[in-house]
There are 2 protein chains.
Amino acid sequence: MDSIVTDNPRSGRIRKAADLADARCRKRFGRFLVEGPQSVREAVSCAPGTLRDLFVDKDLMAAPGDAAGTERSGGARIAAIVGQAVDAGVYVHPVTSTVMRHLAPEAQGIVGVADMPSPDGAVAGDVSGGLVAAFWQIRDPGNAGAVIRVCDAAGCSRVVFVDECVDPYSPKVVRSTAGSMFHLPIARMGTEEFLDWAHRRAGDVMAADVHGSPERPPESLPDVAAAMPSVRGVSVLFGNEARGLPDGILSRVERVVSIPMYGRAESMNLATSAAVMLFTMAMADRGMSSRVGRIVRR
Amino acid sequence: MDSIVTDNPRSGRIRKAADLADARCRKRFGRFLVEGPQSVREAVSCAPGTLRDLFVDKDLMAAPGDAAGTERSGGARIAAIVGQAVDAGVYVHPVTSTVMRHLAPEAQGIVGVADMPSPDGAVAGDVSGGLVAAFWQIRDPGNAGAVIRVCDAAGCSRVVFVDECVDPYSPKVVRSTAGSMFHLPIARMGTEEFLDWAHRRAGDVMAADVHGSPERPPESLPDVAAAMPSVRGVSVLFGNEARGLPDGILSRVERVVSIPMYGRAESMNLATSAAVMLFTMAMADRGMSSRVGRIVRR
């Protein structure tokens, strides 16, 4: 840990870290920012070796019982995370509040610099595994973070961002995942690459879409879940927030699945739709409706 | 419809409408703003008699094929909504873009003034009906809109905002519901009032909570859904975004239900949690796992 507090927002190390808010710099240096206590903690615990540097507001590093006053509980929490990071070999730099505001104003006083995982292509060979959730042209950073968190909660084995999507390593996406970023692999693929890869997996490739297409009318989620022998090898593809999926993609999946609308809403937003779709499949897989599946098929 | 275009943002009618962005004015006049084509359309179709006045950017009122140019499809859509509103007896006021920007900058050129439904107390006697979703101290307008939309999609018969919540009639909440505001009744109750009312209903009062309390440990959602004979009369209470529900409330419900976390996420956000919880119950009710219920209980 640095014994000297960095108080110059224009120092080389601070400038290089701050640059990672920019997508081109992230790409060039292969690193990204991890903002806030929860994300940093999950990076240290769940993705060892990922975090290189950790910048912490010196006022938050006071141990509990110190002069930290009202910051006491926050201080104790930060101290625990910093301790874990030091044990894990992360280089910790205390900084002034001014430097922190300059570096990452929304990081609640703690921000790490992490290495991006190995190139996305590495997943090409991995065609087994559990439920995969894929998102085509997802554009909003808040949505992207929310769906990664949902995929983690539902026990997906992998998330794939397909075609032109928001950068999953942008600070806002990472923050919105509430740590889930470090719980499961996030891949990026082109549309063809994804369809090829998903079709080499063991299970169906499904598109989540309200309307379907003339040749692929939608089937109702509870029916699909009830009849599904397992989520192993199944891939579910969700469309763009505003436009959904084009017919050209719908015609290339095994089935189109829609969530039944029981009231008068036309649809739900992407994160809530993904939550219902993935959890229904995950719960079915874990026994709830695989029993129903047998009844239905009798 | 006014034949004269209002071009003065300081005219009495415009000022009175613009004031409704303020909670105190909404309370005083018993009216609220309905912004954007989707919300206005749903208000006109699904809540007849609610909308009093409709302000429309005159440039959007051009019929298709007119000089509206690139606005053509938007213009046709707006024209259809305006036609419906006129038929329903709504007073339509064409305004300039300047007036519209002053009145409701995020309304996409169309904003209505609606009467608030009759006082919330009127629901006190209504203890039958289907699944009710209640939200204790929900504070974020975007969340509030998202959960109202989820409740509509899941077929809830009513939404209740319990204790100190964001005003469901604030423009941002109304906008975020994407029209669902006009699909089901929204009530506001105090905590005691809600618990009394919910306990007089036919089904269990459930709290959605990850941790539960020592005397009310959480039961897993799929088990609860599978064993539930029906959603009729069931009420599900969700807690505050940051703090969940206090033990004092958990001890007063029949059961605490939690969504199983299949991955490593600690929890999901309020809207995605509500979506999974309410849809799982709604799908179970509609046959998927009521069959399971019978198997489980054998």
Side-chain angles (χ1 to χ4, degrees), chain A residues 38 42 45-46 130-131 142 145-157 176-180 182-184 220-223 225-226 259-269 271-280 282-296, chain B residues 38 42 45-46 130-131 142 145-157 176-180 182-184 220-223 225-226 259-269 271-280 282-296:
Chain A
Q38 189 176 22
E42 296 306 298
S45 341
C46 302
L131 187 60
V147 298
I148 291 171
R149 187 173 173 194
V150 161
C151 293
D152 177 15
C156 290
S157 65
S176 307
T177 70
S180 289
F182 304 101
H183 294 165
L184 76 176
S220 182
L221 172 64
D223 296 339
I259 299 172
M261 291 288 110
Y262 295 125
R264 290 195 279 179
E266 282 169 29
S267 64
M268 288 194 295
N269 70 32
T272 49
S273 298
V276 171
M277 190 76 73
L278 298 171
F279 262 93
T280 301
M283 290 191 290
D285 188 54
R286 273 148 173 104
M288 175 174 160
S289 59
S290 59
R291 294 186 201 98
V292 179
R294 285 201 293 274
I295 307 293
V296 168
Chain B
Q38 189 176 23
E42 296 306 298
S45 340
C46 302
L131 188 58
V147 298
I148 290 171
R149 188 174 172 193
V150 161
C151 293
D152 178 15
C156 290
S157 65
S176 308
T177 69
S180 288
F182 304 101
H183 295 165
L184 75 176
S220 183
L221 172 64
D223 297 340
I259 299 172
M261 291 289 109
Y262 294 125
R264 289 194 280 178
E266 282 170 27
S267 64
M268 287 193 295
N269 69 32
T272 49
S273 298
V276 171
M277 189 77 72
L278 298 172
F279 263 93
T280 302
M283 291 190 291
D285 187 54
R286 273 150 174 103
M288 175 175 162
S289 59
S290 60
R291 295 186 202 98
V292 180
R294 285 201 293 273
I295 308 294
V296 168

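Residue numbering restarts at 1 for every chain, and letters A, B, ... go by the order of the sequence lines.
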Point to revise | Side chain / backbone / both / neither for B:Ala154 at chain A, heavy atoms under 4.5 Å | key: backbone
Check your understanding: Can you tell me if A:Arg149 and B:Thr272 form a side-chain donor-acceptor pair at under 3.5 Å?
Key -> no
Review point. Which of the residues B:Ala274, B:Ser267, B:Ser157, B:Ala282 is involved in the greatest number of heavy-atom pairs with chain A at under 4.5 angstrom?
Key: B:Ser267
**Study point:** Among the listed options A:Ala178, A:Pro260, A:Gly263, A:Ser273, the residue most often paired with chain B at heavy-atom distances under 4.5 Å
**Key:** A:Gly263
Review point. In terms of heavy-atom pairs under 4.5 Å with chain A, which of B:Ala265, B:Cys46, B:Gly155 leads?
Key: B:Ala265
Practice item. Drop me the distance from A:Glu266's CD to B:Gln38's CD, to the nearest 0.5 angstrom. Key: 5.5 Å
Practice item. Using non-hydrogen atoms and a 4.5 Å limit, figure out which bit of A:Ala153 sits close to chain B: side chain, backbone, both or neither. Key: both
Practice item. Indicate yes or no: at least one non-hydrogen side-chain atom of A:Tyr262 is less than 4.5 angstrom from one of B:Met283. Key: yes
Exercise for review: Please tell me if the side chains of B:Asp285 and B:Leu131 come closer than 4.5 Å, counting only heavy atoms from C-beta onward.
Suggested key: no
Review point. Just wondering, do A:Thr280 and B:Phe279 contact through their side chains at under 4.5 Å, heavy atoms?
Key: no
Check your understanding: B:Ile259 versus chain A, heavy atoms under 4.5 Å apart: side chain, backbone, both or neither?
Key -> side chain
Point to revise | Expected output: side-chain A:Asp152 to main-chain A:His183 donor-acceptor under 3.5 Å | key: no
Point to revise | Contacting moiety of B:Ser180, where chain A heavy atoms sit under 4.5 Å | key: side chain
